[in-house]
J.: 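Attaching a single structure in structure tokens format; questions to follow.
Since the structure is predicted, the reported quantities are computational estimates derived from the model, not experimental observations. Here is how names work: the chains are called A, B, and so on, in the same order as the sequence lines, proteins then strands, and each is numbered from 1.
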There are 2 protein chains.
Amino acid sequence: MQQKTSVTIRDVAQAAGCSVATASRVLNKSGPASAEVRERVERAARDLDFSFSSIGRALQSRRSMTIGCLVPSLANPVFAEAVQGVQSELKDSGYQLLISCSNYDETADNAAIETLMSKDADGLIATMVAPDRSAALRQAQQRGTPVSLMFHDPIEGFTTAYVDNFEAAREVARQFVRLGHRRIGFLALRFSTSDRSRNRYAGFCAECRARGLPDPVLIEIGEAEASRPDSLAAILNDHPTLTAIFASNDFLAIAVHKAARLLGRRVPQDLSVAGFDGIEIGRLLEAPLATIETSPEAMGRQAARSLLEAMQGQVPIQPPALPFHFRAGATLAAPNPE
Amino acid sequence: MQQKTSVTIRDVAQAAGCSVATASRVLNKSGPASAEVRERVERAARDLDFSFSSIGRALQSRRSMTIGCLVPSLANPVFAEAVQGVQSELKDSGYQLLISCSNYDETADNAAIETLMSKDADGLIATMVAPDRSAALRQAQQRGTPVSLMFHDPIEGFTTAYVDNFEAAREVARQFVRLGHRRIGFLALRFSTSDRSRNRYAGFCAECRARGLPDPVLIEIGEAEASRPDSLAAILNDHPTLTAIFASNDFLAIAVHKAARLLGRRVPQDLSVAGFDGIEIGRLLEAPLATIETSPEAMGRQAARSLLEAMQGQVPIQPPALPFHFRAGATLAAPNPE
DNA sequence: TTGTAGGCGTTATCAG
DNA sequence: CTGATAACGCCTACAA
């Protein structure tokens with residue numbers, strides 16, 4: 001039952017009555033072989049149901065044909081979609097995807113990179129808490145392993161697939177200001193471990209300032225509050241004068257809407273809300289969510305493409321930021337004149 | 001710059017002035033060694049920043065310490081969460097996760113299994129279009145590779161982590177009937193490639209029948225209709241007499257709600273809607289979605305646990321179905337008496 | 001306690 | 001055109 005010993009190229013050679021070298025040449029079409037022996041080898045391989053051991057190959061070729069991918073979490077659809085993008089782009093490249101999640105923990109981040117490297121990944125695609133100060137990442141790169149980032153703004157020495165969070169947030173600010181909002185909040189989850197969130201806030205502030213407004217209030221919350229509407233409502237209640245809130249992602253924006261409802265505040269009449277990411281459900285809501293539309297899947301694809309190029313020895317060039325798009329929605333309107 | 005040649009155990013041995021055998025024994029704590037030489041080896045390893053080549057190890061131990069995971073798509077949060085569950089459960093097991101997506105294609109399914117096997121995965125976790133008739137899967141198993149399924153109902157020969165779709169759907173039917181619905185529809189996406197969907201429909205029908213109702217109308221749609229509310233509305237329009245619809249997943253249920261709105265039909269007064277999965281956003285909606293709550297993450301965890309057990313040589317035992325829970329919501333009410 | 005040697009599956013080199 | 005043979009990095013009898 002248990003075919004414990006798998007069939008190796010040696011078995012094929014033996015069955016075909018030739019040397020392993022010849023069998024290898026035939027099977028790989030990597031060298032000359034008489035039609036006759038070729039035939040014998042191919043048949044033997046078929047009969048024995050032979051397939052190469054990628055481990056044996058890896059050992060001798062020093063390439064594992066494996067790519068390591070690190071993301072904070074697959075429970076976040078944004079990252080899941082990005083990985084899906086990576087996956088599709090790698091589909092026919094012969095590379096397999098090794099994945100790892102850090103749960104937004106910087107230590108786990110570094111450990112994961114090291115593990116991936118110890119598995120001899122030929123390349124790395126990562127989204128981390130702090131790629132710029134990750135020793136493990138630098139080290140991987142210095143060892144000659146190509147690295148490609150996702151979601152992060154460009155960092156010296158790495159190529160990255162990203163959308164310009166700063167600019168996108170400015171666009172949101174523009175929309176808010178245009179409608180007449182002046183008391184504005186920015187709601188952030190995991191502000192300290194997400195450069196995306198920080199860049200969005202920075203851009204948001206920059207544009208507000210440019211329009212002569214004070215910096216928007218930064219409201220940081222934790223996992224707990226994010227998933228508990230009543231907690232979120234309590235927090236919202238601490239900022240009763242705000243007329244508009246920019247949430248650092250769509251899920252949060254929807255949660256804010258829910259919390260507002262709990263407080264009896266109507267969206268958008270009493271409170272405007274905008275999100276970030278452009279998840280599809282947003283447009284199916286009773287009040288379609290105003291948001292910044294992005295394509296995580298495209299990010300994954302681009303990261304994979306950059307990595308493949310680098311692995312082919314091409315000198316890495318940083319592609320431009322991926323496009324984003326402000327999607328209007330019913331959660332955003334002019335503030336209620338009191 | 002390019003540390004092309006990585007440091008091997010041979011280098012360590014040399015630096016420590018001993019044989020590789022001794023170095024191996026020390027580094028693996030797998031045999032005797034004098035305190036002195038142990039010290040030298042450990043220091044050398046540290047100085048040289050040595051780490052084992054998992055490929056070398058895999059070749060000699062015939063274990064890759066890698067687990068292959070196949071899911072239809074990571075763009076579906078249900079599967080993404082399941083993989084996240086697998087991932088967390090594997091965290092400290094020393095195994096790495098190799099992932100692959102089939103995009104709901106049966107051919108790709110088999111190809112993926114073969115690829116995963118050719119990568120010498122030590123175990124397989126899969127959700128497929130048709131695991132019961134997958135030659136590749138059987139073959140993997142016959143080769144002695146432990147296999148664990150996710151989301152599928154138990155199949156002879158495999159252990160699976162699942163929720164009882166049939167029973168869960170019966171529960172939904174019960175709720176519908178209890179409220180007085182008699183003209184009921186089941187909306188399915190990818191009915192032909194999803195045994196989950198089919199089992200849900202079967203259970204749904206069974207319970208309706210048991211209550212003396214005719215089989216619910218089966219409404220099959222494609223990707224296109226699912227993501228286009230107006231198309232979905234058109235389809236809904238073809239079934240004007242239905243008073244309640246059970247959608248095969250939450251996303252679809254939310255889409256139905258949207259489509260109903262487009263048609264000027266109020267939910268739940270004119271049309272009741274229930275979903276399946278229990279995604280978190282469902283409870284944040286203006287009309288919280290009635291649904292069957294499940295935990296994909298738990299499914300992933302359980303599949304991983306079963307697999308680990310099997311890989312430790314334990315005889316596989318099929319764990320019981322994971323629990324589900326009917327979550328009441330505002331999308332479900334008694335039908336409007338005309 | 002330590003070292004030598006063989007082998008895991010593959011490919012590349014180099015003679016025949 | 002073909003076949004030894006030597007790596008690749010590691011582990012483990014078996015000897016010393």
J.: Going by atom types only, do A:N110 and A:S134 share a side-chain donor-acceptor pair under 3.5 Å?
T.: yes
J.: Could you tell me which residues satisfy ring-ring contact (aromatic ring centres under 6.0 Å, His included) with A:F50, sequence neighbours excluded, listed by chain and number?
T.: A:F52
J.: Hey, does the side chain of A:N28 reach the backbone of A:S30 with a donor-acceptor pair shorter than 3.5 angstrom?
T.: no
J.: Enumerate, atom names and distances included, each donor-acceptor pair closer than 3.5 Å involving a side-chain atom of residues 301-309 of chain B, sequence neighbours excluded.
T.:
| from | atom 1 | to | atom 2 | distance (Å) |
| --- | --- | --- | --- | --- |
| B:R301 | NE | B:E89 | OE1 | 3.0 |
| B:R301 | NH1 | B:E297 | OE2 | 2.9 |
| B:S306 | OG | B:Q302 | O | 3.2 |

J.: Given 3.5 Å as the limit, does a donor-acceptor pair link the side chain of B:N199 with the main chain of B:R196, or not?
T.: no
J.: Once salt bridge (charged side-chain N to carboxylate O under 4.0 Å, His left out) is applied, do any residues pair with B:R25, and if so which ones, sequence neighbours excluded?
T.: none
J.: Give me the first and last nucleotide of DNA chain C, going 5' to 3', that has any atom under 4.0 Å from a heavy atom of chain B.
T.: C:dT1 to C:dG9
J.: Of all residues at least two apart in sequence or in a different chain, which pass the salt bridge (charged side-chain N to carboxylate O under 4.0 Å, His left out) check with B:E106?
T.: B:R133
J.: Quantify the bending of the helix from C:dT1-D:dA16 to C:dG16-D:dC1 as the angle between its end axes, each fitted on five pairs, to 10°.
T.: 50°
J.: For the side chain of A:H152 and the backbone of A:M128, is there at least one donor-acceptor N/O pair under 3.5 Å apart?
T.: yes
J.: Within the distance-only criterion (no hydrogens, no angle test), does the side chain of B:S24 pair as donor or acceptor with the backbone N or O of B:V20 below 3.5 angstrom?
T.: no
J.: What residues from residues 31-49 of chain B pass a heavy-atom cutoff of under 4.0 Å to DNA chain C?
T.: B:P32, B:A33, B:S34, B:V37
J.: Which is true for A:I55 with a 4.0 Å heavy-atom rule: it touches a base, it touches only sugar-phosphate, or it touches nothing?
T.: nothing
J.: I'd like to know if the side chain of A:N76 reaches the main chain of A:V78, judged simply by a donor and an acceptor atom lying under 3.5 Å from each other, with no hydrogens or angles considered.
T.: yes
J.: Any pair with a residue in residues 112-123 of chain B that passes salt bridge (Lys or Arg N to Asp or Glu O under 4.0 Å), sequence neighbours left out, goes on the list, sorted by first then second residue, please.
T.: none
J.: For the residue pair A:L48 and A:V7, what are the closest heavy atoms and their distance?
T.: O-CG1, 3.4 Å
J.: Can you list, in residue-number order, the parts of residues 10-28 of chain B that come under 4.0 Å of DNA chain D, counting heavy atoms only?
T.: B:A21, B:S24, B:N28
J.: Residues two or more places apart in sequence or in another chain: which of them pass ring-ring contact (aromatic ring centres under 6.0 Å, His included) with B:Y104?
T.: none
J.: With heavy atoms of chain A within less than 4.0 Å as the criterion, where does contact along DNA chain D begin and end?
T.: D:dC1 to D:dG9
J.: Applying salt bridge (charged side-chain N to carboxylate O under 4.0 Å, His left out), name anything that partners B:E36, two or more places apart in sequence or on another chain.
T.: B:R40
J.: Between A:S118 and A:T115, is there a side-chain donor-acceptor contact under 3.5 Å, judged purely by atom types and distance?
T.: no
